[in-house]
Novice: 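Submitted below is the structure of interest, expressed as structure tokens.
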Amino acid sequence: MAEYDLLEQFRTDVIEGLRAKQKRLPSRYFYDAEGDAIFQRIMRMPEYYLTRCEDEILGQQADAVIDAIAGDAHEFDLLELGAGDGTKTKHLLRRLIALGRAPFYRPIDISRNALDALGASLRQELPTLRFRGEQREYFDVLGEPLGGDRTKAILFLGSNIGNLDWVEAAELLAGIGRTMGPRDRLMVGFDRRKDPMLVLRAYDDPAGHTRDFNLNLLRRINRELGADFDLERFVHVPVYDPFTGCASSYLVSTCLQEVHLDGVEQGFRFRAWEAIHTEISQKYDQEEIAALGAQAGLRITHSFSDRKDYFTDAVFMRA
């Protein structure tokens with residue numbers, strides 16, 4: 001999708017979300033250049049366990065993961081949805097090259113900034129690796145062939161699946177499954193259910209990085225769409241429901257106000273303490289992971305967890 005089309009889609013989604021009875025903004029728009037930089041700080045926070053846990057899995061179990069996702073294929077396509085900076089995936093890429101194997105890496109991400117940074121680092125760190133970055137959204141890949149006759153290994157890491165509700169997650173996995181042949185594998189990262197306070201601290205850190213990450217979305221709307229959000233009039237409110245396993249983030253208006261957007265005649269009215277829903281991060285137990293896969297027509301072949309069982313990378317094939 002062209003840059004212009006992405007901007008128009010951004011504008012459409014923002015208008016639709018702010019016109020909704022329960023206001024919302026899609027979390028995929030967090031990731032402009034500043035959002036990417038803030039998220040890098042989030043991943044280094046002591047409270048944000050997710051990145052460290054998955055990094056442990058891919059760093060310490062790389063050979064077993066490679067065997068699970070690619071078998072004995074020498075040449076294969078390695079696709080990654082929501083690749084980000086690719087730090088964790090590089091554990092696998094470095095090991096594949098050391099083993100003399102020849103993957104063709106295709107990182108897919110909505111953030112051009114992230115793809116450019118990833119490409120620069122790959123050219124420097126892994127100069128023999130063949131790769132091609134693609135700026136697209138997750139759901140854009142549905143219904144498209146994700147490769148030719150070669151074996152495909154598809155990565156969806158970092159608990160990105162948690163940013164979708166159950167129906168959306170099952171739809172995405174089913175759509176990917178329809179592109180997979182019998183030799184292809186899909187590995188998905190799932191944040192596990194755990195101590196609710198441990199979960200909540202990951203989205204409500206004392207340094208305020210997660211607050212800044214959410215507020216930056218309003219800053220981006222101001223800059224790119226000509227809005228006039230006053231960031232001082234919104235507070236970041238994260239919550240976690242241990243019954244559903246869902247962590248949610250909100251930006252809450254502290255007063256009665258109206259926000260305007262260039263080219264939109266009618267403003268967006270906010271009541272005092274009215275919320276904008278910005279993100280979910282769903283947590284799963286092992287039974288829920290298997291059930292989600294089964295609903296999507298997939299079955300688990302391998303499951304990898306960190307030492308604390310905080311995080312799981314599950315490998316699926318078509319059922």
Novice: Run the ring-ring contact (aromatic ring centres under 6.0 Å, His included) test against Y49 and tell me which residues pass, sequence neighbours left out.
Specialist: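 Partners of Y49 by the ring-ring contact (aromatic ring centres under 6.0 Å, His included) criterion, ordered by chain and then number, come out as Y310.
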
Novice: Once salt bridge (charged side-chain N to carboxylate O under 4.0 Å, His left out) is applied, do any residues pair with D309, and if so which ones, sequence neighbours excluded?
Specialist: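 With neighbours one apart ignored, the set is empty.
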
Novice: For D195, does the CG atom have more than 12 heavy-atom neighbours from other residues, nucleotides or ligands under 6.0 Å away?
Specialist: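 More than 12 heavy atoms, drawn from other residues, nucleotides or ligands, come within 6.0 Å of this atom.
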
Novice: Is L58 linked to F131 within one hydrophobic cluster, defined over Ile, Leu, Val, Met, Phe, Trp and Tyr using a side-chain heavy-atom separation of less than 4.5 Å?
Specialist: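 Yes: a chain of side-chain contacts under 4.5 Å links L58 to F131.
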
Novice: Provide the closest heavy-atom pair for Q266 versus R19 in the form atom of the first, atom of the second, distance.
Specialist: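 Scanning both residues, the minimum pair turns out to be O-NH2, 2.8 Å.
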
Novice: Taking only residues two or more places apart in sequence, or in another chain, which ones meet F268 in a ring-ring contact (aromatic ring centres under 6.0 Å, His included)?
Specialist: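 Partners of F268 by the ring-ring contact (aromatic ring centres under 6.0 Å, His included) criterion come out as none, since no residue qualifies.
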
Novice: List the residues meeting side chain to side chain donor-acceptor pair (under 3.5 Å) with S281, not counting sequence neighbours, and say none if there are none.
Specialist: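 Side chain to side chain donor-acceptor pair (under 3.5 Å) check on S281 returns Y203, K283.
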
Novice: Are there over 12 heavy-atom neighbours, none belonging to E258, within less than 6.0 Å of that residue's CD?
Specialist: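 Yes.
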
Novice: Give a yes-or-no answer on whether the side chains of R219 and N216 include a donor-acceptor pair shorter than 3.5 Å.
Specialist: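 Side-chain D/A pair, R219 to N216: present.
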
Novice: Starting from V237, can I reach L218 by hopping between I/L/V/M/F/W/Y residues whose side chains sit under 4.5 Å apart?
Specialist: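 The answer is no; the residues belong to distinct hydrophobic clusters.
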
Novice: Looking at every non-hydrogen atom in both residues, tell me the closest pair between L78 and P103 and how far apart they are.
Specialist: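 Minimum heavy-atom separation between L78 and P103: CB-CB, 4.5 Å.
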
Novice: Return the minimal non-hydrogen interatomic distance between M43 and Y48, and the atom names on each side.
Specialist: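 Heavy-atom minimum between the residues: CA-CD2, 3.9 Å.
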
Novice: Do F39 and F30 have ring centroids that are under 6.0 Å from one another?
Specialist: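 Between F39 and F30, which both carry aromatic rings, the centre distance is not below 6.0 Å.
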
Novice: State yes or no: are the ring centers of F311 and F304 separated by less than 6.0 Å?
Specialist: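 No, they do not, as the ring centres are separated by 6.0 Å or more.
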
Novice: Tell me every residue that passes side chain to side chain donor-acceptor pair (under 3.5 Å) with H236, counting only those two or more places apart in sequence or in another chain.
Specialist: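 By the side chain to side chain donor-acceptor pair (under 3.5 Å) rule, H236 matches N214.
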
Novice: Looking only at side-chain N and O atoms, does S27 offer a donor or acceptor that is under 3.5 Å from a partner on N163?
Specialist: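 No.
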
Novice: How would you list, by chain and number, every residue that makes a ring-ring contact (aromatic ring centres under 6.0 Å, His included) with F156, sequence neighbours excluded?
Specialist: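 Here the qualifying residues are Y138.
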
Novice: Under a 4.0 Å N-O cut-off, is there an ion pair linking E34 with R220?
Specialist: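 So E34 does not pair with R220 through a salt bridge.
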
Novice: Does a donor on one side chain sit under 3.5 Å from an acceptor on the other, for S111 and D109?
Specialist: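 Not at all, the side chains of S111 and D109 share no donor-acceptor pair under 3.5 Å.
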
Novice: If every non-hydrogen atom of C246 is compared with every non-hydrogen atom of I280, which pair is closest and at what distance?
Specialist: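 Taking every non-hydrogen atom into account, SG-CB, 3.9 Å.
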
Novice: Compare every heavy atom of G293 with every heavy atom of F316, then report the nearest pair and how far apart it is.
Specialist: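 Where F316 meets G293 most closely, the heavy atoms are CE2-CA, 3.8 Å.
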
Novice: Please walk me through it: do R11 and L261 pass side-chain contact (heavy atoms from CB on, under 4.5 Å)?
Specialist: CA-CA 9 Å; R11 177 183 173 84; L261 195 72; 4.3 Å; yes

Novice: Verify the distance criterion only: is there a donor paired with an acceptor across the side chains of D230 and Q257 at less than 3.5 Å?
Specialist: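 No, no side-chain donor-acceptor pair sits under 3.5 Å.
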
Novice: Do D212 and R41 sit within salt-bridge range, that is, some charged N less than 4.0 Å from a carboxylate O?
Specialist: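 Looking at D212 and R41, the cut-off is not met.
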
